[in-house]
Amino acid sequence: MDVAERLHAVRMSIAEAADRAGRAPDAVKLVGVSKGAPAERVAEAVAAGLADVGENRVQEAAVKIPVVESAVAQPPRWHLVGHLQTNKAKAALGLFDTIESVDSIRVAEVLSRAADRPLPVFLEVQFQRAGDRFGFEPERVEEALREIDAFPHLQVVGLMTVAPLGADPDGTRRVFRELRERRDRIQQARLAQSVLELSMGMTDDYQIAIEEGSTVVRIGRAIFAP
Ligand SMILES: *Cc1c(COP(=O)(O)O)cnc(C)c1O
């Protein structure tokens, strides 16, 4: 299957998962994650209608984005989905429309200071206690949201998570459900400026994520793997 056919298959499968959960198919936005994929394949996906593209590294994106944009009629929106080092914040602002991986107060502070426009961001929440993964502990999300919403240029538009490494489907479902419930509590307490998006679900677990209320899925391999 070529990229356009795979994109179509992924969209069908998103719609089916939404339907199973009694949700509208357009309640779930697809971000195609193109890390590791050559620019020509990304351009094919964009030409086939992919409007949101994710990259996880600033350096790779800096090379790829201009090539993709010169090859397509309508440029996509670019999402950073990987850890951002503070010394790359300025470069990231020049490349990405949305930063989905704000994983510390420090990085939010640096982004806010460097930004000259309202910048939509997601707070990355980390459910994997051990290991060196980045992100806010679930218990600290409300506090982080309050602090970051007060920074001049940042607009927290959602929460993002990656399921813990090696989790089985039940464990993955529990994590996604926990993030959704936390989002709901934030909403009930009116701590957020708007209704927060839930960015959760990748190639191996997006159907579970959609059943648990995901509004953004970040899918790489199912679209772009060789
Ligand atoms: C790579 C990546 C994805 C996409 O993962 P696939 O398993 O290829 O679908 C999504 N989110 C983040 C943060 C990633 O690094």
Side-chain angles (χ1 to χ4, degrees), residues 28-29 31 33 52 54-59 61 77-165 167 172 174-202 209 212-218:
V28 183
K29 177 156 93 177
V31 175
V33 177
D52 290 271
E55 283 282 336
N56 73 331
R57 292 179 57 229
V58 171
Q59 267 154 317
R77 288 178 293 269
W78 295 95
H79 300 237
L80 179 67
V81 302
H83 174 61
L84 178 62
Q85 291 169 285
T86 51
N87 63 359
K88 301 220 173 76
K90 194 130 203 133
L93 283 165
L95 294 166
F96 294 99
D97 301 288
T98 303
I99 311 282
E100 291 208 21
S101 44
V102 166
D103 54 18
S104 68
I105 300 289
R106 173 85 188 124
V107 85
E109 203 171 17
V110 172
L111 279 170
S112 176
R113 209 176 302 130
D116 54 6
R117 61 183 156 100
L119 179 70
V121 300
F122 289 64
L123 304 191
E124 182 168 357
V125 184
Q126 185 51 261
F127 288 89
Q128 187 160 312
R129 302 305 164 121
D132 53 5
R133 285 231 209 144
F134 296 98
F136 295 99
E137 290 170 25
E139 300 74 27
R140 289 216 49 223
V141 172
E142 283 88 347
E143 191 187 334
L145 178 70
R146 218 174 285 130
E147 227 173 305
I148 292 172
D149 257 341
F151 291 155
H153 292 113
L154 300 198
Q155 298 177 328
V156 180
V157 298
L159 306 178
M160 183 273 242
T161 200
V162 176
L165 264 177
T172 298
R174 272 198 301 278
V175 160
F176 291 159
R177 184 170 300 174
E178 198 178 323
L179 189 63
R180 192 231 312 152
E181 289 170 349
R182 193 160 285 278
R183 193 273 317 262
D184 292 346
R185 284 198 298 276
I186 289 171
Q187 234 65 72
Q188 277 155 15
R190 301 187 185 282
L191 290 176
Q193 317 270 356
S194 59
V195 178
L196 296 177
E197 304 274 347
L198 280 175
S199 176
M200 51 190 201
M202 307 171 26
E212 293 303 329
S214 172
T215 64
V216 178
V217 290
R218 309 176 310 274

Check step by step if side-chain contact (heavy atoms from CB on, under 4.5 Å) holds for Thr98 and Leu80. CA-CA 6 Å; Thr98 303; Leu80 179 67; over 6 Å; no
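- To the nearest 0.5 Å, atoms CZ (Arg183) and CG (Leu145) are separated by 12.5 Å.
- Annotation for Gly82 and Ser101: closest pair O-OG, 2.6 Å, computed over non-hydrogen atoms.
- Distance NE2/His83 to CG/Asn56: 11.5 Å, rounded to 0.5 Å.
- A salt bridge does not link Glu143 to Arg146: none of the charged side-chain nitrogens sits closer than 4.0 Å to a carboxylate oxygen.
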Stepwise side-chain contact (heavy atoms from CB on, under 4.5 Å) test for Leu179 and Phe176: CA-CA 5 Å; Leu179 189 63; Phe176 291 159; 5.9 Å; no
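- Looking only at distances, a side-chain donor or acceptor of Asp97 sits under 3.5 Å from a matching main-chain atom of Trp78.
- The two residues Gly54 and Val31 come nearest to each other via the heavy atoms N-CG1, 3.5 Å.
- The two atoms that bring Ala209 and Gly201 nearest to each other are CB-CA, 3.6 Å, heavy atoms only.
- Side-chain contact between Val217 and Val28: present, with at least one pair of heavy atoms (C-beta onward) separated by less than 4.5 Å.
- Atoms CZ and CD, on Phe134 and Gln128 in that order, are 13.0 Å from each other to the nearest 0.5 Å.
- A side-chain hydrogen bond (donor to acceptor under 3.5 Å, both in side chains) with Ser199 is found for one member of Glu124, His79, Glu100, Lys29 and no other, namely Glu100.
- Arg177 contributes no side-chain N or O that, together with a main-chain N or O of Glu212, makes up a donor-acceptor pair within less than 3.5 Å.
- For Pro138, the side-chain contact (heavy atoms from CB on, under 4.5 Å) partners at least two apart in sequence or on another chain are Val125, Phe127, Arg129, Glu178, Arg182.
- A heavy-atom distance below 4.5 Å is found between the side chains of Phe136 and Ile105.
- Between Leu93 and Arg117, some side-chain heavy-atom pair lies under the 4.5 Å cut-off.
- Considering every non-hydrogen atom in both Leu198 and Gly213, the closest pair reads CD1-O, 3.7 Å.
- When side chains are defined from C-beta on, Met202 counts as touching Val162, because their heavy atoms get closer than 4.5 Å.
- A donor-acceptor pair is defined here as one N or O able to donate and one able to accept, closer than 3.5 Å; such a pair exists between the side chain of Ser214 and the backbone of Met200.
- Using a distance-only test at 3.5 Å, with no hydrogens or angles considered, no donor-acceptor pair links the side chain of Gln155 to the main chain of Val157.
- For the atom pair OG (Ser104) and CD1 (Ile148), the distance works out to 7.5 Å, reported to the nearest 0.5 Å.
- Atom CD of Glu181 has more than 12 heavy atoms from other residues, nucleotides or ligands within 6.0 Å.
- Every pair passing salt bridge (Lys or Arg N to Asp or Glu O under 4.0 Å) that includes a residue from residues 77-87 is listed here, sequence neighbours excluded: Asp52-Arg77.
- For CD of Gln59, the number of neighbouring non-hydrogen atoms (other residues, nucleotides, ligands) closer than 6.0 Å is 12 at most.
- His153 contributes no side-chain N or O that, together with a main-chain N or O of Pro118, makes up a donor-acceptor pair within less than 3.5 Å.
- In this structure the side chain of Thr161 never reaches within 4.5 angstrom of the side chain of Gln126, judged on heavy atoms.
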Evaluate Arg133 against Asp103 for side-chain contact (heavy atoms from CB on, under 4.5 Å), listing each step before the verdict. CA-CA 10 Å; Arg133 285 231 209 144; Asp103 54 18; over 6 Å; no
Less than 3.5 Å apart, which donor and acceptor atoms pair up between the side chains of residues 186-197 and the rest of the protein, not counting sequence neighbours?
{"unit_1": "Gln187", "atom_1": "OE1", "unit_2": "Leu196", "atom_2": "N", "d": "3.2"}
{"unit_1": "Gln187", "atom_1": "NE2", "unit_2": "Ser194", "atom_2": "O", "d": "2.8"}
{"unit_1": "Glu197", "atom_1": "OE1", "unit_2": "Thr215", "atom_2": "OG1", "d": "2.6"}

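- Of all heavy-atom pairs spanning Ser112 and Leu154, the tightest one is CB-CG, 3.9 Å.
- Between Leu84 and Leu111 the shortest side-chain heavy-atom distance falls below 4.5 Å.
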